[in-house]
Amino acid sequence: MSANPSVPLAEILETSDILADRQQRRERHAIALQAIVPEEAILSTVEQLRPYESDGLTAMKATPLLVVLPDTIDQIQAIMRWAKSNEVPVVARGAGTGLSGGALPHEDGIILGLAKFNKILELNEELGFARVQPGVRNLAISDAARPHGLYYAPDPSSQIACTIGGNVAENSGGVHCLKYGLTVHNVLSATVVTIDGDIMTFGCDGHDNEGYDLLALLTGSEGMLAVTVEVKVKLLPVPPVAKLVVAAFDSVEAAGDAVGEVIAAGIIPAGLELMDKPAIIAAEAFAKCGYPTDAAALLLCELDGLAEEVDAQVAGVSEVFSRCSVTSLHVAESEEERLLLWKGRKSAFPAVGRLAPDYYCIDGTIPRKQLSYVLQRMDEMSAEYELPIANVFHAGDGNLHPLIMFDAGKPGELHRTEELGSRILQLCVEVGGTVTGEHGVGVEKINEMCVQFDENTLTQFHSVKAAFDPEGLLNPGKAVPTLQRCAEFGAMHVHHGELPFPELERF
Amino acid sequence: MTSKDDSAALLERVNEACREKSPLRIVGGNSKKFLGNAVEETQTELSIAGHTGIITYEPTELVVTVRAGTPLKELNEALNAAGQMLPFEPPEFGGSTIGGVLACGLSGPRRPFFGSARDYVLGMRVINGQAQDLSFGGEVMKNVAGYDVSRVQVGAWGTLGVLLDMSMKVLPKPAKELTLRQSSQAHASHEFASLLRQPLPLSAAMLVDDSRYLRLSGSDTAVDAAAAKLGGDVVTNDDQLWASIKDHTHEFFTQGIQSHGGESSLWRISVADYVPAIDLDGEWLYDWAGAQRWLKTSESAERIFDAVAQHGGHATRYTANEDPSQPAFQPVKDPMRRLQSRVRDSFDPHRLFNRGRFHPEFDHVDAPDGAVSV
């Protein structure tokens, strides 16, 4: 620690007292935990702790007291009992790819790293399920199931790295969730350890369990209620055919209307993505996938299922798009071309990252009918703040990802960007939407929760939390703001296009 | 359709009950009075039947928001007029309201293929046990802000709050539906499993007597191709068949069951679809590809609960019975009971709502020292 002359001496002494106290507790707890896990499963030095300082939201950092890496459920139970009797906060962590700071450490707590729980315990191709440990990567499940003609449907863009335990914590979606649902629709049961050290299973092998549906409550609870130690997921038959229709429009409104018309025609595409002009140009420059750069908006519409069903639907959406003044219409002719066209969409974020030194990503959901209005308001705000915005949109389910381009090097620009991001999220709530469609609240959007929910509702959330964890030891300070805290907004800050895990496809 | 916002009056009624710590039994269409445990008649009735009407419905958004007292029949008609449906195909027991359907968490034959009532709930407005008017979730399909309280309300039998308004995802009706009848022997383990692992456009699968019925839904060409592959006799008027299973008007449900301590009771048994035939005497009907089994039996509740628990499932009594030794729901044991009771506590600390109706073991409040009080 370097002394800062502007800080009064008393404050420095106080800070160093806190640090000394923390170091003492770090050492004391490390010894205590050696009774539960082997010494090498406890990380306590600065070098060992550094990789755990943040998750995918790298703007926020904190050093935990310890990182503990158990490899049996018995150990997790014992750690939880120890944490409860010593009042030590516990933050569970999978791959650490989350974008909202859900796995940000607590300075007075431990990180419960679940990386060693990385085994697929059972893959039952006959009965259509996989029983996996929480640290198994999302894509690893589908990779293991595919030789049997099955797969796990939710496909968040970070699926190569993110773990199923994290997916349960965030209720992850993916580009196919309009048709196949979110994590909550594809998990059969989850076995958890509570803060009391009890082990129990939410959900069951049938379609419902006795009592309350605590599996629904657990899914998306951001590590606040219990630690997931095993997950049983549903495996679906791989659709025999997938076809991608790419449609260009000369206005975003026309593309938005076309989405409504597809739904009105009774067709539910597997994926339905919309990009505006800045996003099209950026993606094409980056991925060279053949997007028409003169289009004002582009729709990617994927249809999958039996060959007969897909043929009928391709004809159906083509007819709808033609009615909706499409300027060009193309059906991917080969599997290679289909994947290339998707690559453009999936690399939209790093692509935009090349156009400006920095960008902010917003994650709001709006009722689809509000798209034109929201885009028009964003155009006005963009002009007002003199900051360009590119838009990618999970059009099927209304999840909007505006990317605000800015330069943190210019004085005041970061602040203006944050303010603009705040106003966009406010707009999402104003039109009947939500401040987070899929990235979670974590620490990032904790303040924005105050805009979406009133005091009584927030208090009810805290009561639910207390039913599981009365002392508030699991992931304290995340997901639901205290009433005092309700103040301002936040958004994901990406510096110089450096996404955490830049090799991952995003959103 | 009548449309009336009765929420202010309902809120006032709950407020009053809250002040007086006087329990309420929540009633919609009263079509499911025979379900659940008998409730003391002294409890004050809180009817949501006057809180009715569709609040918003725009078919291209695939979302409908409706008041809890809206009759299911009227809601279905409105969706049908737009070529859409509630994908979980809820049962209609004569006057059922959508609020009652969601409170009881009931889904029909389409459930194993399209998802359950809770899967389609996007948001809910609820009065909790402290007479607070709360809104959870919303009218959008992707929303991870806050705990998913709306879905937990589904199947909670009103014990976590009075459901006021609900937003649900709806889907277009399939272009074509067709049902095949195939000859089949009594339920064997894995009877349906191989069908479920294939990319077939199935939307219902059941086994009754010596017949297996498979419903296909999708485009004309896809349904015809799958029907040719599966084989069997095409069932005429199959809409009526599935409605009779869903609404319990099929003769399996109407004959040979006596209520109020009679010879035989109807039980719903929920297990994994691949669980082998369960050793309980009686007549069986296998719906949901074997995952929802109906049993007409004179076996005791205790014996049924034990046998079903051995297969990792649970049983629910579907015939009214006021004998407290014959509970309607499979009792939940500690530590799960303790947790579920605390969840009830977090919504309804005074146990105002539907006391005794659902799991009476959740009506107890656990003191921190482990003692249990009522």
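Proteins come first, then strands; the chains are lettered A, B, ... in the order of their sequence lines, and each starts at number 1.
- Scanning residues 104-118 of chain B against chain A with a 4.5 Å non-hydrogen threshold yields Arg111(B), Pro112(B), Arg118(B), sorted by number.
- Heavy-atom distances place both the backbone and the side chain of Phe461(A) under 4.5 Å from chain B.
- With sequence neighbours left out, the side chain to side chain contact (heavy atoms under 4.5 Å, CB included) criterion links Ala226(A) to Val192(A), Leu218(A).
- No donor-acceptor contact under 3.5 angstrom links the side chains of Thr365(A) and Asn143(B), judged on distance only.
- The closest donor-acceptor contact from the side chain of Glu61(B) to the backbone of Arg368(A) lies under 3.5 Å.
- Looking at Val480(A), the atoms closer than 4.5 Å to chain B (heavy atoms on both sides) all sit in the side chain, from C-beta outward.
- Screening Glu222(A), Gln460(A), Met224(A) for a side-chain contact (heavy atoms from CB on, under 4.5 Å) with Tyr147(B), the sole residue that qualifies is Met224(A).
- Applying the salt bridge (charged side-chain N to carboxylate O under 4.0 Å, His left out) rule to pairs touching residues 168-185 of chain A yields Lys179(A)-Asp304(A), sequence neighbours excluded.
- No donor-acceptor pair under 3.5 Å is formed between the side chain of Glu126(A) and the backbone N or O of Ala193(B).
- With contacts defined as side-chain heavy-atom distances shorter than 4.5 Å, the pair Asp311(A)/Thr221(B) does not qualify.
- Side-chain contact between Arg197(B) and Leu150(A) is present, with at least one heavy-atom pair separated by less than 4.5 Å.
- Looking at Asp198(A), only its side chain comes within 4.5 Å of chain B, counting heavy atoms on both sides.
- Tyr212(A) and Phe362(B) have tilted rings, their planes meeting at an angle from 30° to 60° on a 0 to 90° scale.
- The residues Asp196(A) and Arg342(B) are annotated as salt-bridged, a charged nitrogen and a carboxylate oxygen being separated by less than 4.0 angstrom.
- At a 4.5 Å heavy-atom cutoff, the contact between Pro335(B) and chain A is made by backbone and side-chain atoms alike.
- Every residue meeting the side chain to side chain contact (heavy atoms under 4.5 Å, CB included) condition with His176(A), not counting sequence neighbours, appears here in chain and number order: Asp155(A), Tyr180(A), Ala270(A), Glu302(A).
- Interface residue Glu58(B): only side-chain heavy atoms are found under 4.5 Å from chain A.
- Residues Asp273(B) and His207(A) bring no donor and acceptor atom of their side chains to less than 3.5 Å of each other.
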